[in-house]
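Here is the structure we will look at.
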Amino acid sequence: MKLTELFNKGKFVVTSEIGPPKGTNIEPVLKEAEELKGKVDAINVTDLQSSVMRLGSLAVCKLLKERGLEPVFQLTCRDRNRLALQSDLLSAYVLGVENVLCLTGDHNVLGDDPESKPVFDLDSVNLIRAAKTLMEGKDLVGNKLDGSPDFCLGAVANPGADPLEPQIIKMELKAEAGAQFFQTQAVYDVKKFEEFIRKVEHIKVPVMVGIVLLKSAGMAKFMNANVSGVFVPDNLIKIMAAAPKEERPKKSIQIAASLIKELKGMCQGVHLMPLGWDRYVPDVLEKSGLI
């Protein structure tokens, strides 16, 4: 099922995400995904997140499909040239994957093997354009396909970018290339998100606000210092700092649910990034009134 079908019906779309393991032990990840069944509309499968070598996103997407779960195939430009990217898109469709999130990808120097060679033959805009071209029955150089895919194409956006104008221009380019929805970087500042939404209303593409579950005050401070466009306000940091370790999940759930309630009227969906705290996603959705 393509997410566009839900957006077109006016549904507030809810997605979460899982990260494939660094190895072949797939059972814990599948268990996490099963806990989300019936509670989210789709599950993103990250593609070598943070430039760390892991099990492939497409393999995990296939396993989710076999279990009746709807995957969103994250595809990054970092590790593949345009031939491999197009091939993986065709492979995804043949395996029943209909939702694709197109990303440029973190640079290799940020991962666990910084000496690996980056590719970046395409960027995210051109990856969306490549996928759209495949959907039209041709490859990037105009050769005709024997059967074409039909995807729902997603892209990412950063409401906290400073300056914001280049980010808006990039969103316009992604929408023009064929993006059918946007997922945002983590949002904790409601006012700033509201300003962002006002500035991108003309793009006319559904926006899903991103929410990362805070695990500690230290995590919040780290994101403020190291993650571009993410700002966790001091009041939220103080809440997490004051909570005993055993109370942190409860506080994190409350913060995420409160944010969703405040942000829901400004966007068309929410994308939860639990970072291993998948077991708390149902609680977040329940307390935010989404289930």
Side-chain angles (χ1 to χ4, degrees), residues 1-7 11-21 26-50 54-76 97-103 152 154-157 181-188 206-215 219 223 227 230 248-250 252-261 263-264 267-291:
M1 177 190 63
K2 296 191 285 293
L3 294 183
T4 41
E5 297 174 23
L6 301 179
F7 288 122
K11 186 183 186 303
F12 189 79
V13 177
V14 179
T15 58
S16 187
E17 73 178 33
I18 57 174
I26 192 64
E27 292 308 317
V29 172
L30 294 179
K31 183 179 179 181
E32 290 173 5
E34 288 283 356
E35 291 176 356
L36 301 176
K37 194 170 187 178
K39 299 179 176 65
V40 299
D41 296 303
I43 301 174
N44 283 35
V45 183
T46 56
D47 182 18
L48 277 62
Q49 66 270 34
S50 303
R54 298 173 184 267
L55 181 65
S57 175
L58 185 52
V60 178
C61 284
K62 175 59 175 173
L63 293 174
L64 295 186
K65 287 290 291 187
E66 290 174 350
R67 286 158 176 78
L69 296 155
E70 191 63 42
V72 178
F73 175 36
Q74 290 195 9
L75 182 62
T76 63
V97 177
E98 298 178 291
N99 300 293
V100 181
L101 188 72
C102 300
L103 304 143
C152 170
V156 296
F181 70 95
F182 286 101
Q183 283 180 194
T184 79
Q185 178 60 282
V187 171
Y188 299 98
V207 174
M208 302 182 69
V209 64
I211 303 289
V212 170
L213 299 190
L214 289 176
K215 294 185 175 182
M219 173 186 172
M223 288 196 296
V227 182
V230 173
R248 289 176 189 168
K250 181 179 178 181
S252 180
I253 291 166
Q254 291 173 347
I255 289 170
S258 178
L259 284 168
I260 292 170
K261 287 179 180 179
L263 296 165
K264 184 180 177 183
C267 55
Q268 291 71 49
V270 61
H271 175 62
L272 293 167
M273 293 168 271
L275 304 181
W277 272 12
D278 305 80
R279 61 192 179 278
Y280 299 123
V281 168
D283 293 325
V284 171
L285 297 177
E286 184 176 348
K287 288 188 177 298
S288 62
L290 294 180
I291 59 173

Rounded distance [0.5 Å steps], CZ in Arg67 versus NZ in Lys37: 9.5 Å

Val45 side chain reached by Pro20 side chain, heavy atoms, under 4.5 Å: yes

Validation row: Met208, Val270 side chains within 4.5 angstrom (heavy atoms): no

Residues that Lys65 engages under salt bridge (charged side-chain N to carboxylate O under 4.0 Å, His left out), provided they are two or more places apart: Glu70

Pairwise side-chain contact, Glu27 with Lys31, heavy-atom cut-off 4.5 Å (strictly under): no

Test side chain to side chain contact (heavy atoms under 4.5 Å, CB included) applied to Gln74 and Glu17, step by step: CA-CA 10 Å; Gln74 290 195 9; Glu17 73 178 33; 3.7 Å; yes

From OG (Ser16) to CD1 (Ile211), nearest 0.5 Å: 12.0 Å

CD1 on Ile18 to CD on Gln49, rounded to 0.5 Å: 10.0 Å

Side-chain donor/acceptor of Gln183 to backbone N/O of Val156, under 3.5 Å: no

All side chain to side chain contact (heavy atoms under 4.5 Å, CB included) counterparts of Cys152, not counting sequence neighbours: Lys2, Leu3, Thr4, Asn99, Gln180, Phe181

Residue from Leu103, Leu48, Thr46 passing side chain to side chain contact (heavy atoms under 4.5 Å, CB included) with Thr76: Leu103

Nearest atoms (heavy-atom pairs only) where Phe182 meets Ala157: CD2-CB, 4.3 Å

Asp47 CG to Leu58 CG distance, which is reported to the nearest 0.5 Å: 9.5 Å

Whether Ser252 side chain and Leu214 backbone form a donor-acceptor pair below 3.5 Å: yes

Donor-acceptor under 3.5 Å (Asp41 side chain, Thr15 main chain): no

Distance (rounded to the nearest 0.5 Å) between Leu30 CG and Leu63 CG: 5.5 Å

Side-chain heavy-atom pair Val212, Tyr188 within 4.5 angstrom cut-off: yes

Short side-chain to backbone donor-acceptor contact, Thr184 and Gly210, under 3.5 Å: yes

From Cys61 atom SG to Asn44 atom CG, the distance as rounded to the nearest 0.5 Å: 8.5 Å

Do any side-chain atoms of residues 272-291 form donor-acceptor pairs under 3.5 angstrom with protein atoms, and if so which ones, sequence neighbours left out?
residue : atom : partner : partner atom : Å
Ser288  : OG   : Val284  : O            : 2.9
Ser288  : OG   : Leu285  : O            : 3.0

